[in-house]
Every structure is written in structure tokens, then in C-alpha cells.
Novice: 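I'd like to ask you about the structure that follows.
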Amino acid sequence: MNLISRLGYVIKEGFLQVIRAGGLSVAVIVIIAATLLQLSLFLGVSRVLDHAFSSANQKFEMAVFLSASTTQADTARLQNFLSGDTRVESFQLITKEVALQDFRKDPSIDQMVKALGENPLTDSFTVVLKNGVAGEADSLAADLKKESHVEDVSYGKGEWETVSNLARVIRWAGLLMASLVFLTALFIVANTLTLALWARREDMLSMVRLGAPVWMRWGPYLCEGIIQGLMGSVIVMVVLEVVRRVAGEALQKYGGFDILATLPFQEWLSLYLNLLVMGGVIGMLGAFWALQKKWVKELL
Amino acid sequence: MFIQGFHLTQTDASGMPILEDAYFSFPEGSYTVLLSENVLSATAFLKMLAGEYHPVTGTLRVDHQDPYTLTESQKRRWLTDVGVIFSDFKLFSDRTVVENILFILRAKGFWDKDSLGAVNILLNKAGLGAKANLLPEALTEGERQLVMALRAMIFRPRLLLADDPFQGVEESAFRILFKFLSELNKSGTTIVISARQAAFLEEAKKLGEGQTIRWMQLDGGKLHSLEEKVS
């Protein structure tokens, strides 16, 4: 038998064994689906965070406040500096008059300004950083502060770092939890498949005594695990797709929470492919683990 | 295959002797029937020849090789030439009759695209053509025994070890099986089978015309050659 013929036999036997195992197969598929659902939640949260940070990165802004004594020549020099900086996407001069108009939209501030009798604000620049260089905000701020008429640079450094750190913690915690869930699922799947092997121990013994080669003895069991894993993945993919289409729209319509609907389909596709791979891997490793049991090795 | 036993001693699980200091040889292409009052003794003897039941003392040579010193892969290759019919070598309960027989062809490396047709022809010859796609549980005990025998013979092994293959087989199936065994032996296969003494002896005498069969008796740990031949 050539390789393709052997592969065909193993796949066919793998499918038949999934059917023959009946309830135990259902149990394994459900366990894998439940595991993948949890893993996809962790992955989903991670992807949503990535997406949110990516969006934030794209819109990262800083405000550069100039001193009251800044002349038009100083402002022009600063404009030249910003035009030549590779980290800057765009910038806009906000004169103190325009800034005051904006402030006066708030009645309480308007009263304070009237009481002061003069405009206390200064000219400023709103600087938008290029996509993906939010991490260089510190160095740009430092460079700007070296300019003689720059009084202050504000870009929410503390908040950015806090959110960034929080996201990192969530990602690591998610990874840790996902690993634990993965290992637990592997353990349960391996033990459930061991039960299936135990039910077929007489057949396994006959195979050995009839002189069946290793690929005929091991192949169908490994294939059975992979098929069960893939079936678990498909169930989770269907659930997630329903959530994406139905819940995503509902959330957008009633709650204004549009992250599910706006997450690009490529992200979902990537998640589904990951799920397929993970399902197959859990099934195969679970079957391999089951085949490593001492009594199974002695039989096979 | 040529089988020789030197100074062989074998006991059962309780330590009772099955074989004591026995010397024997089964030449290549021979057909030997082992008669025994004690069914377990005959089974243990055949399993010893099949490399499944290590003798307590002595040396077994099958084609000048000791099957008990072979590595796992060597043993698997060795088994490629050995067909066995043992009552505990059950058919796979979740495979049809055809699938059970095709399995052995795959296991022994003889499977090709024509195998299914060949198996169906064989089943028709054995009178099991209509039951080819049934599961073993739908067959009678005799039919199952016949399928087990076909499974052991289809790849034309060089050695066939059969533990009472005629047990429970109806008369018509008995004749078919006896004929298949004879044909296999004529093609060069060494055959060693065990049988219940009286029933098999009478039938074999009637059916075994032109066939040289060597008879041996195994009882109380002693192996005797009866030198009786049917021809």
C-alpha cells in the first residue's frame, strides 16, 4: 500500500471510529468545543484589545502649549520643526483666540473668563503622531520641550501607560488561563479517549496478534482524535459566527457597543483558523496521550 | 515453514505440564493434526508455535529462527507469513465480514485494488457470499469460525496454526473448510491444527482422499506421533 492509500485508510477508519465510539465521541467533541469556546474568549479579548490599541495608536495626539511671549517667528520655526519630524503625521495651530472660543462653550468657564477680563490662554499645536509610533511620544515630547518657547507638552502619558500595562497584564493572564484550560482539556480528552480505547482493547490486541503494522494500529486512533478536535472547532466557529452576526448587530443597535461589528472579518477568519488548528492539536495530543498509557502501550 | 522443537517444556498458568521435554519437527509443506483430550494443552502448544506463549525450557526453531528472540519489528515481519485461527482471535465486531478479511490483507501488506473482488469470490466459494456485508453478530457460530479461517488463509501464509478450526462448523462448512485447508497445504503451506479426536478423525478419513496428514497425540505433557495417515 502506498502512502496515499494508507492515509485514505487511516482517515476512513478514523471517521468510522468516531461513529463507533458513539457517546464517548460526543463527550470528547463537547469537551473540546467547551475548551475552544473559553480559549476563543481569551483570544477574542486579546484581539479586541489589540484592535482598540491599534485604533488608539492611529489617533494618538499630543498638545504642545507655547509660552505667552511666543512671537510669530517662533511659531513659524516650530511649524518647520514639526513639518520636518518623521514621527509627526499632521499638526494644527490652535491660536489662543480659537481656544478661548472653544472654552466659552462651557458657561461656567465663560463666567470665569469674563471675570478675568483677558484671555489667559496661549497658542498651542495639536500634533497627530504617525500610525504605530505612539511609543515614541516620550522622545518627541522631550525634543519639543527643548524648544525655547514650548511651555508644556501634554499627551496623557500616565493614562496611556496605565492602559497599556493593564492590557499587557490582561494578555498574560489570558495566556496563562488559556494554557491551564488547554492542559485541563487535554487531560480530560486523553482520559475520555482512554475509555474508548479500553472498550476496544480486544480489537487492539487482535490487531497486534494478527501482525498489523504500527500505522494501522495507531493511525486511526490519532486520526479519530484529530477529527473529534476539528468537529469541536467547527461547533465553536458556528457559535462565534452567530454571535458575530446576530449579537454584534444587536449590541451596536441597542448599546452602541460596536467592537464586534467593526472588527474586520479577516480578524475573525484568523480566529477561526486558529480554532481549527487548536482543535486538531488538542484532539491529536489527547489521542497521543491516551496511546501513551502503560496498558495501551503494552497492548499496541 | 519448517518447525523444530528441542527439549521443549511448557506449563499452563497453574503450573501443570502441557509439554514435557518434547522433541518434534514439522517439515515444510507438512499437514499435521494434533489430537488432544485436553483442549487447553493443544491451544497452548499452538500458541507456543505462534510465538505467543514462551516455553519454560528448550528451543523452538521456525525456519531456523527462534520467534522468542525476535525484536518487535522482526516479529511483525515473521507474522506476515503466519496465519492463525485461535478462538480468542475474534472477528472485529464492528466490521463486516468483508472488512474483517480485507483488514488482514492490509495488515500483511497484500492489499491492492483487486482485493475486494478476490475476497467476494472467496466468500462465494465458501457459501458466505450473501453475508459478506453483515456484521459478525449476524452470523452463526460456525459461519464466524469459517470467516476466521478464511481470514487466516486468504493471504496464503507459509505457516497456518489453527486451534480446532472445525469446532461448531456445520457439515457443509466443514467440507468447504477442509477443502480450503487441503488446497492451501498443496500450495506449500505448513499446517498444524488441533482437533477433537473422534469427530475430526472420522470426517477427515472420509474427506482426506489424496491428502497426506500426519497425526500426533498430545496428552499428559507427552507428544506422540501416531503415524496414521489418510490417503
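Chain naming here is simple, since letters A, B, ... match the order of the sequence lines and numbering starts at 1 in each. In what follows, every heavy atom counts, from backbone to side chain, and hydrogens, waters and symmetry copies are set aside.
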Novice: Working to the nearest 0.5 angstrom, can you tell me the gap between F92(B) CZ and R20(A) CZ?
Specialist: 9.5 Å
Novice: Within this structure, what is the OG-NZ distance for the pair S5(A) and K113(B), rounded to the nearest 0.5 Å?
Specialist: 12.0 Å
Novice: Step through the shown structure and confirm whether more than 12 heavy atoms of other residues, nucleotides or ligands are within 6.0 Å of CZ on R61(B).
Specialist: yes
Novice: Do you know which of R95(B), K75(B), K108(B) has the most heavy-atom pairs under 4.5 Å to chain A?
Specialist: R95(B)
Novice: How far does OG of S206(A) sit from CG of D88(B), to the nearest 0.5 angstrom?
Specialist: 7.5 Å
Novice: As an exercise, state the distance from OG1 of T80(B) to CG of L210(A), rounded to the nearest 0.5 Å.
Specialist: 11.5 Å
Novice: Examine whether an atom of K90(B) lies under 4.5 Å from a heavy atom of chain A, and if so say whether it belongs to the side chain, the backbone or both; otherwise answer neither.
Specialist: both
Novice: Is it the case that more than 12 heavy atoms not belonging to F187(A) sit under 6.0 Å from its CZ atom?
Specialist: no
Novice: Could you tell me the separation between the CG atom of D94(B) and the CG atom of L16(A), rounded to the nearest 0.5 Å?
Specialist: 8.5 Å
Novice: Near R76(B) CZ, under 6.0 Å, is it more than 12 heavy atoms from other residues, nucleotides or ligands?
Specialist: yes
Novice: Does any heavy atom of chain A fall under 4.5 Å from the side chain of F103(B), the backbone, both, or neither of them?
Specialist: both
Novice: Does atom CD1 (I4(A)) have a neighbourhood of more than 12 heavy atoms from anything else shown, all under 6.0 Å?
Specialist: no
Novice: At a heavy-atom separation under 4.5 Å, does R151(B) approach chain A through its side chain, its backbone, both, or neither?
Specialist: side chain
Novice: Check this for me: does any side-chain nitrogen of one of E13(A) and R106(B) sit under 4.0 Å from a carboxylate oxygen of the other?
Specialist: no
Novice: Counting only heavy atoms from other residues, nucleotides and ligands, does the tally under 6.0 Å from CE of M231(A) exceed 12?
Specialist: no
Novice: Is it true that atom CD of E202(A) has more than 12 heavy atoms of other residues, nucleotides or ligands lying nearer than 6.0 Å?
Specialist: no
Novice: Which heavy atom in A107(B) sits nearest to a heavy atom in A212(A), and how many Å separate them?
Specialist: CB-CA, 3.7 Å
Novice: Step through the shown structure and confirm whether more than 12 heavy atoms of other residues, nucleotides or ligands are within 6.0 Å of CZ on F89(B).
Specialist: yes
